[in-house]
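To find a chain, count down the sequence lines: A is the first, B the second, and so on, and within it residues start at 1.
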Number of protein chains: 2
Amino acid sequence: MTIESAIDQRVSLAVSTVIFALRPHPDSGLMTLWLPLVRRIREPYEGQWALPGGPLESEDDLASSASHTLQRTTGLEPRYLEQLYAFGNPERSHALADHQPSDRVVSIVYWALVRPDEVARAVDGDNVEWFVADDLPPLAFDHTEIVDYALARLRAKITYTPIAHGFLPPEFTLTELREVHEAVLRTVLDPANFRRQALASKTLIPTGNCLQGTSHRPPALFRFEAGPPTSTTKERR
Amino acid sequence: MTIESAIDQRVSLAVSTVIFALRPHPDSGLMTLWLPLVRRIREPYEGQWALPGGPLESEDDLASSASHTLQRTTGLEPRYLEQLYAFGNPERSHALADHQPSDRVVSIVYWALVRPDEVARAVDGDNVEWFVADDLPPLAFDHTEIVDYALARLRAKITYTPIAHGFLPPEFTLTELREVHEAVLRTVLDPANFRRQALASKTLIPTGNCLQGTSHRPPALFRFEAGPPTSTTKERR
DNA sequence: GCCCTTAAAGTCATGTCAACCCTAAGTAGC
DNA sequence: GCTACTTAGGGTTGACATGACTTTAAGGGC
């Protein structure tokens, strides 16, 4: 910023997005984190899976660019969107085997939460596929490291901020909220204690309604406190 | 990353650094956060103060670029260095008054801690000046917002990670460590409680030595646990 | 009407943390 | 040598958060 000058021709800027959704695991049936990947159609790493993304359009905000990528690959709107990190190692865009000096790419990576309960649309043809986030195939470039970092951030952040709303409908029960936490953190949480600390966090508002037709005592419905913390929010790391 | 393509000519990439050091406040004499700014020598915002930085050199790692900026403006080595955020609003490189369509700049901003106790060198001539971080003049571009964000990150992070070592010599007393926290957080901390929780954090190693010549009971000296957490470390946000 | 299930509230032991007090170990002044 | 003063360093106490667990409430299935 201090000294503007045309960027060196060899450095280009891209925006990628790690997109998380919750779905049942194919084996266990338990809710698990999934994410969509895109099959590369050119070298390097042709045929391998990579994070969805693309070059930054010059009119776009960084977050808008990530959001557009999300829309393009999944057809969904982000329920939560946050910048993850800027990855800029000079070697990260090279292929592993041949050290051909391909263009250097700096990737600004976002991570997002989506709710795929609306009809799971197959967008972008066969080049997009969803995978279990903790059981991915080898990825192109340094994208495995990026996904690991995004997973760590998500798991850390859900413990101290109410981002689980990104996976939930507008109204939900405390059990549904707890199940989101359990799926993300891969743990079992005590229902009573979870309830206590969720209510103490002052981020939940009882709607007054109850979920009906449950074959047991009807649970109360809540919604998240409407207000400043919407999507596209900067984080406090 | 998924689709490489030459970047739009109008987007350039820069790396800036928010550099923090502790010095006595000119009025109160209390230790305070300072940071160096650079006077702009060209439009837009000519004559105003801005964060040190520059375009990304194509051989450089992002963190190396930030480190070089630090060396260039202060002559010091970073004791701690971490990526802050990537700022990329399309309008952020415009001047406020005239909306001339200058080049769009995406800035990847780092923040660093330095220890200026070595002779305070005046590097880069008169264009570099140090300011009290909480009492800055109006800055160019969105740099005021960036500094506020860096300050918030530093103050949040010092409460749960041992980054105060960036401001301390290799051996230090618990009182010196506490005074760093007090200066950064602008609060007064209970010496006894601070001691207890500092020792409980398992990041301090007693050297066995004591500071002598103090006109009171000689305090024990500590050093930080040597190991993985060096500078240029990714954070857990 | 009985049993099953989950909701929701309560109990209790443990740990953490802030506020506060007390003793230890040095120097300075007399 | 003795006292006063200063900071180091450790201990106590009460408020509060947390985890493990128990008890009661409110529905449906049979």
Side-chain angles (χ1 to χ4, degrees), chain A residues 24 29-31 155-162 164 168-224, chain B residues 24 29-31 155-162 164 168-224:
Chain A
L30 297 172
M31 288 301 257
R155 288 180 169 137
K157 194 140 191 172
I158 204 175
T159 64
Y160 62 87
T161 49
L168 288 169
E171 292 200 358
F172 52 88
T173 68
L174 285 175
T175 295
E176 289 169 332
L177 176 62
R178 175 174 49 84
E179 284 167 348
V180 168
H181 281 247
E182 290 178 336
V184 169
L185 298 172
R186 294 182 296 182
T187 46
V188 176
L189 301 172
D190 182 276
N193 293 334
F194 181 84
R195 153 185 306 273
R196 183 157 34 99
Q197 90 179 46
L199 294 178
S201 73
K202 299 290 180 189
T203 58
L204 297 178
I205 300 174
T207 65
N209 307 327
C210 286
L211 187 62
Q212 301 297 343
T214 52
S215 130
H216 54 70
R217 174 170 175 175
L221 289 168
F222 294 83
R223 55 184 173 81
F224 274 101
Chain B
L30 298 173
M31 287 301 256
R155 288 178 170 138
K157 195 141 190 172
I158 204 175
T159 63
Y160 62 85
T161 49
L168 289 168
E171 293 200 356
F172 52 88
T173 68
L174 284 175
T175 294
E176 290 169 333
L177 176 61
R178 176 175 49 83
E179 284 168 346
V180 167
H181 281 245
E182 290 178 337
V184 169
L185 298 173
R186 293 180 296 181
T187 45
V188 175
L189 300 172
D190 182 276
N193 293 334
F194 182 84
R195 153 185 304 274
R196 184 156 31 89
Q197 91 178 43
L199 294 177
S201 73
K202 299 292 181 188
T203 57
L204 297 178
I205 301 175
T207 65
N209 308 327
C210 285
L211 188 63
Q212 301 296 344
T214 51
S215 131
H216 55 70
R217 175 171 174 174
L221 288 168
F222 295 83
R223 56 185 173 80
F224 275 100

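Interface remark: the A:Arg196 side chain does form a donor-acceptor pair with the D:dG19 base, using a distance-only criterion of under 3.5 Å.
Distance CZ (B:Phe194) to P (C:dC20): 19 Å, rounded to an integer number of Å. To the nearest angstrom, C1' of C:dG26 lies 9 Å from CD of B:Gln212. When the P atom of C:dA8 is taken as reference, atom CZ of A:Arg178 falls 11 Å away, rounded to whole Å. Taking atom CG of residue B:Leu211 and atom P of nucleotide D:dG9, one finds them 10 Å apart after rounding to whole Å. The distance between atom CG of A:Asp190 and atom P of D:dT22, rounded to the nearest whole Å, is 11 Å. Whole-Å rounding puts the A:Leu189 CG to D:dT18 P distance at 13 Å. The nearest whole Å value for the distance from the CG atom in B:Leu177 to the P atom in D:dA8 is 12 Å. C:dC17 atom P lies 16 Å from atom OH of B:Tyr160, rounded to whole Å.
Mapping A:Leu199 and A:His216 onto DNA chain C by nearest heavy atom places A:His216 closer to the 5' end of the strand. Between A:Gln197 and B:Ser215, the one whose closest nucleotide on DNA chain D sits nearer the 5' end is B:Ser215. Taking for each of A:Asn193 and A:Pro219 the nucleotide of DNA chain C with the nearest heavy atom, the 5'-most of the two is the partner of A:Pro219.
Two residues are said to be in side-chain contact when any heavy atoms from C-beta on lie closer than 4.5 Å; B:Thr214 and B:Pro219 meet this criterion. The shortest distance between side-chain heavy atoms of A:Leu177 and A:Phe224 falls below 4.5 Å.
Nearest heavy-atom pair, B:Thr207 versus B:Glu171, reported as atom, atom and distance to 0.1 Å: CG2-OE2, 3.5 Å.
Between D:dA25, D:dA8, C:dC20, one nucleotide has an atom nearer to the side chain of A:Arg217 than all others, and that is D:dA25. Closest contact between the side chain of A:Ala192 and the listed nucleotides D:dT6, C:dG10, D:dA25 involves C:dG10.
A:Ala200 comes within 4.0 angstrom of nothing in the nucleic acid, heavy atoms only. Residue-level contact check: A:Thr175 touches the backbone only, with heavy atoms under 4.0 Å from sugar-phosphate atoms and none from bases.
Taking side-chain N and O atoms only, A:Arg195 has a distance below 4.0 Å to OP1 or OP2 of C:dA8.
By the 30° and 60° cut-offs, the orientation of the rings of A:His181 relative to A:Phe194 is perpendicular.
Remark: side-chain polar atoms of B:Glu182 are paired, donor with acceptor, to backbone N or O of B:Leu189 under 3.5 angstrom.
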